[in-house]
Each structure stands twice: as structure tokens, then as C-alpha cells.
There are 2 protein chains.
Amino acid sequence: MQRDTRQRRAIRRAFEEAGHPLSPQELLDLAQEDVKSLGIATVYRNIRALQEEGWLETVELPGEPPRYEVAGKGHHHHFHCRDCDRVFEVEGCPGNIQAITPEGFKLERHEFVLYGLCEECRT
Amino acid sequence: MQRDTRQRRAIRRAFEEAGHPLSPQELLDLAQEDVKSLGIATVYRNIRALQEEGWLETVELPGEPPRYEVAGKGHHHHFHCRDCDRVFEVEGCPGNIQAITPEGFKLERHEFVLYGLCEECRT
DNA sequence: AACATATTGGGAGAACATAATCAAGAAACC
DNA sequence: GGTTTCTTGATTATGTTCTCCCAATATGTT
């Protein structure tokens, strides 16, 4: 059976407290505040386990290794800060996507990525 | 000075005839129709040269290695076919992007990626 | 507390994309 | 045509991300 370890708790907590998608390295850094001995292998292992469990979802952005976020948030997009490199959630969705889909193509889903400076880095 | 080689001609021609972004491997396959001995190292070398020259631009899509397309096309987005894995250009741009940008964030640019089936794969 | 076993940490290593190396070949110029 | 030197092709190396392995450790159970 699945055990409730300090490491797994720290990892889950990091996601909940961060409130935005985390890369494995970001996750390691945050979770190490709870469990300083945490290793990167454990991070990857738990990311996989939490994904299979349906608790985590993958966030893929152009030219970036995957990040992960807590699942079940409903349709949203992401904002990537070019300064601090963090990714934030964006509510809502711009207008008529079907309208720009090429003739004859079947649109199934879409991703939208905003770039710029987050509130903190803007100053 | 820069020499005009069969390989370089084949690579340029592949981009022009394809009319959509190419991965290094796709480029190799296409350009080998002209120059069967073409090697992957030459492909990467010429991609870099053509980029520095401003003739090529990088197209980054989520979770994918970069593709490249002929530069100077003006603002557009991309459609990724889940079946044939090819990427196509999409004209136009959906509505009000600033409207969904989080409070206090500075929006500088955006990417938009459509997914589904291209005309050929739809059948 | 003692046991059974899931989990961890750290290092080795697989997988992938791309860059460096270098001898051989091919453009450009005389 | 001969020479110079840029370019190529094949191989090897590199960087990155992620997985595997295994002895040591921690958890849940009795």
C-alpha cells in the first residue's frame, strides 16, 4: 500500500502553497524547506505517482521542460514571466478560436501562452 | 565567404516547398530527396547559419523540440496535427488577449497553439 | 517493540537533441 | 587546371532531463 511519507507530504504541500505550476527543480527547492534531505529522484518518482493518481497534471510550455500543477482546475491558460521564469495561471480564454482554424481542419483543443513580466518583476 | 553548396540549396528549397515549419528530422528527410548523402550534422549547421542570417525563425511548441520556418511572415500561430505530427500555419489571432491578462502583469507577447487533425488526417 | 515491505537518496546510466572534431570533398578564384 | 579554404559527413562528445539500481531508512501493522 501507499505510504504517507514526510517527502510526499512536503511535495504535496509545495504544490498547494505555490498555487502555480512547478518544475521538478522548483518543486525540489520548495519541498526541501520541509525535508532538507529530499533528493531529486524522489521528486520525479512522486511527480509520476501523483500524476497516475490524478492529483497532478502536466503543463507543457514552448521550449521548456514540463511543469506540473494540481489537477481539476477547469479550463485555463498560463503566463510565463521572462524575468523570474515562473508560470502563473490565467483565467478565461480569448474569443473565437474556431474562426481562425484553417479550412478543413478539425480543432480538438488549444493552448494559449502569455509572456511578459509578472506583478513582482514588473517594478 | 559563404559558399553556395548543393546541400544548402536543398535545405532552403525544402523550407520553401514545405510551406510549414519543419523539425531538423523532417528537414533532413525532405532535403535528402535532393541530396541523398546529406547528413544530420549539416542540417543542424545550416539551420543555425540560416537563423543567424535572419532567413529562418524558430517555432517552439509545447513539449516538442523546435521547428523552423522561413522568417518574415508576420504575426501568426500554429496548428499541430496529432496524427501526422506536422505543424501548420494559422492566420489571424483570437480576440482580446489583454482582457485575460492577470491584474498587474505586463503582457509582452503571446503564443497560441491549436491541436487536432489536419485536412489530410481528418479522413 | 518487532516485522514486513514501501520508500528514500545518491550515483550511475539511458535517452534525446544538438555541438564539436577532423579528414575528405567541393566551391570559388587565380 | 590548380590552389585555397569553406563545407560536408561520420563519429564522438556534450548537455539535459529523467529513470534505474540498491543499500539504508522509515512507515504501517501486528
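Note that this is a predicted model, so its numbers are computed, not measured. Below, read A as the first sequence line, B as the second, and so on, with proteins coming before strands; counting in each chain starts at 1.
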Closest to the side chain of A/R45, out of D/dC21, D/dT17, C/dA19, is D/dC21

CZ/B/F88 to CZ/A/F105 distance, rounded to the nearest 0.5 angstrom?
4.5 Å

In whole angstroms, how far is the P atom of D/dT17 from the CZ atom of A/R48?
18 Å

Could you pick out which residue, A/V35 or B/P24, lies toward the 5' side of DNA chain C when each is mapped onto its nearest nucleotide?
A/V35

Flag, side chain of A/E111 to backbone of B/V113, donor-acceptor distance under 3.5 Å:
no

Readout for nucleotides 25-30 of chain D: B = base within 4.0 Å of protein heavy atom, S = sugar-phosphate only, - = neither; 5' to 3' it is -BBS--

Please pick, from C/dT18, C/dG9, D/dG9, the nucleotide with the shortest atom-to-atom distance to any side-chain atom of B/P66.
C/dT18

Go through the structure and list residues passing side-chain hydrogen bond (donor to acceptor under 3.5 Å, both in side chains) with A/E69, not counting sequence neighbours.
A/H76, A/H78

Over how many whole Å does the gap from A/E53 atom CD to C/dT7 atom P extend?
11 Å

Do the non-hydrogen side-chain atoms of A/E89 and A/K73 ever get within less than 4.5 Å of each other?
yes

So do B/C84 and B/C118 actually touch side chain to side chain, heavy atoms under 4.5 Å?
yes

Atom pair distance, as rounded to whole Å: CD1 in A/I11 and C1' in C/dG9
12 Å

Atom-pair distance (CD1 on A/I47; C1' on C/dT7), nearest Å
16 Å

Between D/dT8 (P) and B/K36 (NZ): distance, integer Å:
15 Å

Would you say the side chain of B/E108 lies within less than 4.5 Å of the side chain of A/L117, judging by non-hydrogen atoms?
yes

Side chain of B/N46 (C-beta onward), nearest among C/dT18, D/dG9, D/dT8:
D/dT8

Could you pick out which residue, B/S37 or A/Y44, lies toward the 5' side of DNA chain D when each is mapped onto its nearest nucleotide?
B/S37

B/I40 CD1 to D/dA13 C1', straight-line distance once rounded to whole Å:
16 Å

Nearest-angstrom distance from the residue atom CD of A/Q25 to P of D/dG15:
18 Å

Whole angstrom is fine here: how far is it from CG in B/L28 over to C1' in C/dT18?
14 Å

Can a side-chain donor-acceptor contact be found between A/H110 and B/H77 if the only test is distance below 3.5 angstrom?
no

